*Asks:* 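I am attaching a structure below and will ask some questions about it afterwards.
Everything numeric in this text was worked out from a predicted model, so none of it was measured.
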2 protein chains.
Amino acid sequence: MGPAVLDQSLCFAVYSAGLAFNRVYKPILEPLGLTYPQYLVMVALWEAEGQSVSELGEHLFLESNTLTPLLKRLEVAGLITRARDKADERQVRVSLTEKGRRLLAEAACVPGQILQATGLTVEQLRQLQRAIAGLRDNLRA
Amino acid sequence: MGPAVLDQSLCFAVYSAGLAFNRVYKPILEPLGLTYPQYLVMVALWEAEGQSVSELGEHLFLESNTLTPLLKRLEVAGLITRARDKADERQVRVSLTEKGRRLLAEAACVPGQILQATGLTVEQLRQLQRAIAGLRDNLRA
DNA sequence: TGCGATTAAATCGTGTGCGATTTATATTTC
DNA sequence: GAAATATAAATCGCACACGATTTAATCGCA
């Protein structure tokens with residue numbers, strides 16, 4: 001191990017950038033009553049309502065052991081409903097409540113605030129996003 | 001929210017890449033008996049032994065509420081010792097045990113395995129590391 | 001010198017992540 | 001069509017993260 005190994009490690013950069021993002025999101029999402037993973041679920045549902053737990057998991061790279069408790073908290077918060085699929089009762093369909101739909105308007109300003117905090121231009125951001133998503137896909141392969 | 005908002009979001013890319021890294025590290029670190037955050041602490045200590053909890057936290061971007069329990073687990077595992085600083089008893093100095101020092105040899109192959117999993121060249125990796133570390137530093141500013 | 005302010009860890013409660021297992025439903029296969 | 005298999009969620013236990021508070025030691029300054 002040479003000097004400053006951590007400082008030069010890609011995985012640590014990703015890890016610590018994740019922590020930093022979380023800390024930036026926290027005060028922004030707090031007025032909405034959401035944690036960052038909960039916000040991700042809401043974003044996924046604003047895009048496509050009625051997804052099953054597995055489908056949500058495919059989009060978020062999470063499984064039911066993480067999603068089920070999180071979804072229950074969103075349900076308690078009155079933002080979503082969870083109901084067994086009539087055609088296949090193994091699946092649970094997740095839908096938005098009216099309150100959950102209304103939250104979209106309040107959340108509209110979030111991406112802009114985050115963009116500002118990154119200190120990047122839109123073009124830099126797009127490029128970095130692609131590189132990191134590619135890295136993630138490599139890691140998952 | 002347009003289509004595939006998540007897929008185009010930088011923060012989600014960082015978040016999901018972090019998850020993916022964690023999953024790659026898990027089976028590699030399991031034989032060493034370490035989690036990824038524990039591995040980071042060990043790397044920091046292999047670089048500089050005798051750091052206080054705060055100093056470790058500055059390197060890892062963590063605080064005592066996270067580090068204290070983690071360090072206690074490393075202590076129980078026999079890899080480190082924790083002792084109050086004689087000159088300033090508020091601080092706790094973290095040192096390696098002989099077992100902790102020996103683990104460095106076993107961990108030597110880890111970075112190579114990770115590099116392989118990223119599917120990147122060393123030069124691509126270095127560039128991406130710099131970009132993400134820069135992003136993190138912007139977010140922390 | 002003494003006492004209020006500061007600093008360093010630790011503690012506590014909540015919310016993720018995830019491996020392993022369990023439960024319930026659907027599908028396959030004989 | 002019944003038993004074996006497969007699939008979807010849920011459950012459980014453990015280890016982070018982190019805001020908020022507490023405890024203990026040191027510092028600062030009148």
*Asks:* According to a strict under-4.0 Å criterion, is A:S54 in side-chain N/O contact with OP1 or OP2 of D:dT7?
*Replies:*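 For A:S54, the contact criterion (side-chain N or O under 4.0 Å from OP1 or OP2 of D:dT7) is not met.
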*Asks:* To the nearest 0.5 Å, what is the distance between CG (A:L103) and CG (A:L32)?
*Replies:*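 It is 5.0 Å, given to the nearest 0.5 Å.
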*Asks:* For B:P27 versus B:V24, what's the shortest heavy-atom pair and its separation?
*Replies:*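 The pair with the smallest heavy-atom distance is CD-O, 3.4 Å.
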*Asks:* Using the side-chain heavy atoms of A:N22, tell me which of these nucleotides is nearest: D:dC18, D:dA9, C:dC18.
*Replies:*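 It is D:dC18.
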*Asks:* Using a 4.0 Å heavy-atom cut-off to protein, can you give one letter per nucleotide of nucleotides 20-29 of chain D, 5' to 3': B if the base is in contact, S if only the sugar-phosphate is, - if neither?
*Replies:* B----BS---
*Asks:* At 4.0 Å (heavy atoms only), tell me whether B:T35 reaches a base, stays on the sugar-phosphate, or touches nothing.
*Replies:*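 Sugar-phosphate: the residue B:T35, judged by heavy atoms under 4.0 Å, touches backbone atoms but no base.
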*Asks:* Output the rounded distance in Å from CZ (B:F61) to P (D:dC16).
*Replies:*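 Result: 19 Å.
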*Asks:* What about the rings of B:Y39 and B:Y25, do their centers lie closer together than 6.0 Å?
*Replies:*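 They qualify: ring centres under 6.0 Å apart.
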*Asks:* Nearest whole angstrom, please: distance from the C1' of C:dA8 to the CZ of B:R82.
*Replies:*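 For the pair B:R82 CZ and C:dA8 C1', the rounded distance is 13 Å.
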*Asks:* If C:dA20 has a Watson-Crick or G-U wobble mate with both distances under 3.5 Å, name it; if not, just say none.
*Replies:*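 Base-paired to D:dT11.
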*Asks:* Could you state the CZ-C1' distance from A:R23 to D:dC16, rounded to the nearest angstrom?
*Replies:*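 Spelled out: CZ on A:R23 to C1' on D:dC16 is 12 Å.
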*Asks:* With respect to the side chain of A:Q38, which nucleotide from C:dA9, D:dC16, C:dG15 is positioned closest?
*Replies:*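 That would be C:dG15.
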*Asks:* Separation of A:Q91 atom CD from D:dA10 atom P, in whole Å?
*Replies:*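 So the CD-P distance, A:Q91 to D:dA10, works out to 11 Å.
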*Asks:* How would you list, by chain and number, every residue that makes a salt bridge (Lys or Arg N to Asp or Glu O under 4.0 Å) with A:E55, sequence neighbours excluded?
*Replies:*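 Scan of A:E55 (salt bridge (Lys or Arg N to Asp or Glu O under 4.0 Å), adjacent residues dropped) gives A:R93.
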*Asks:* Who are the side-chain hydrogen bond (donor to acceptor under 3.5 Å, both in side chains) partners of B:Q124, not counting sequence neighbours?
*Replies:*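 With sequence neighbours excluded, B:Q124 shows a side-chain hydrogen bond (donor to acceptor under 3.5 Å, both in side chains) to B:T121, given in chain and number order.
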*Asks:* B:T66 side chain: which of C:dG19, D:dC18, D:dA9 is closest?
*Replies:*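 Between C:dG19, D:dC18, D:dA9, the one nearest the side chain of B:T66 would be D:dC18.
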*Asks:* Do any of residues 68-78 of chain A sit with a heavy atom less than 4.0 Å from DNA chain D, and if so which?
*Replies:*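 Within this stretch, A:T68, A:K72 sit under 4.0 Å of the strand.
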*Asks:* With a 3.5 Å cut-off and sequence neighbours excluded, list the donor-acceptor pairs that the side chains of residues 125-141 of chain A form with protein atoms.
*Replies:*
from: A:Q129; atom 1: NE2; to: B:D7; atom 2: O; distance (Å): 2.6
from: A:R136; atom 1: NH1; to: B:S16; atom 2: OG; distance (Å): 2.8
from: A:N138; atom 1: ND2; to: B:T118; atom 2: O; distance (Å): 2.8

*Asks:* Using atom types as modelled and distance alone, determine if a side-chain donor or acceptor of A:T68 lies under 3.5 Å from a backbone N or O of A:S64.
*Replies:*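 A pair under 3.5 Å: yes.
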*Asks:* Please determine, for the side chain of A:Y15, which listed nucleotide (C:dA10, D:dA8, D:dA17) has the closest atom?
*Replies:*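 Output: D:dA17.
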*Asks:* With a non-hydrogen cut-off below 4.0 angstrom, is B:R84 in contact with a base, only sugar-phosphate, or nothing?
*Replies:*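 Sugar-phosphate: the residue B:R84, judged by heavy atoms under 4.0 Å, touches backbone atoms but no base.
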*Asks:* Residues in side chain to side chain contact (heavy atoms under 4.5 Å, CB included) with A:E89, at least two apart?
*Replies:*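 In terms of side chain to side chain contact (heavy atoms under 4.5 Å, CB included), with neighbours along the sequence ignored, A:E89 is linked to no residue.
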*Asks:* Can you tell me the distance, in whole Å, between the CG atom of B:L60 and the C1' atom of D:dC16?
*Replies:*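 Rounding to the nearest Å, CG of B:L60 and C1' of D:dC16 are 13 Å apart.
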*Asks:* Can you tell me how far P of C:dG15 sits from CG of A:L29, to the nearest Å?
*Replies:*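 Taking CG of A:L29 and P of C:dG15, I get 15 Å after rounding.
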*Asks:* Whole angstroms only, please: what is the CG-P distance between B:L62 and C:dA10?
*Replies:*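 After rounding, the gap between these two atoms is 14 Å.
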*Asks:* Using a 4.0 Å heavy-atom cut-off across all strands, classify B:L19 as base, sugar-phosphate, or nothing.
*Replies:*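 Result for B:L19 = sugar-phosphate.
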*Asks:* How long is the line joining CD of B:E58 and C1' of C:dT7, in whole Å?
*Replies:*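 One finds 13 Å between C1' of C:dT7 and CD of B:E58, rounded.
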*Asks:* For the residue pair A:Y36 and A:L29, what are the closest heavy atoms and their distance?
*Replies:*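 Scanning both residues, the minimum pair turns out to be CA-CD1, 3.6 Å.
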*Asks:* Return the orientation label for the A:F12 and B:F61 ring planes: parallel under 30°, perpendicular over 60°, tilted otherwise.
*Replies:*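 The arrangement is parallel - the two ring planes meet at less than 30°.
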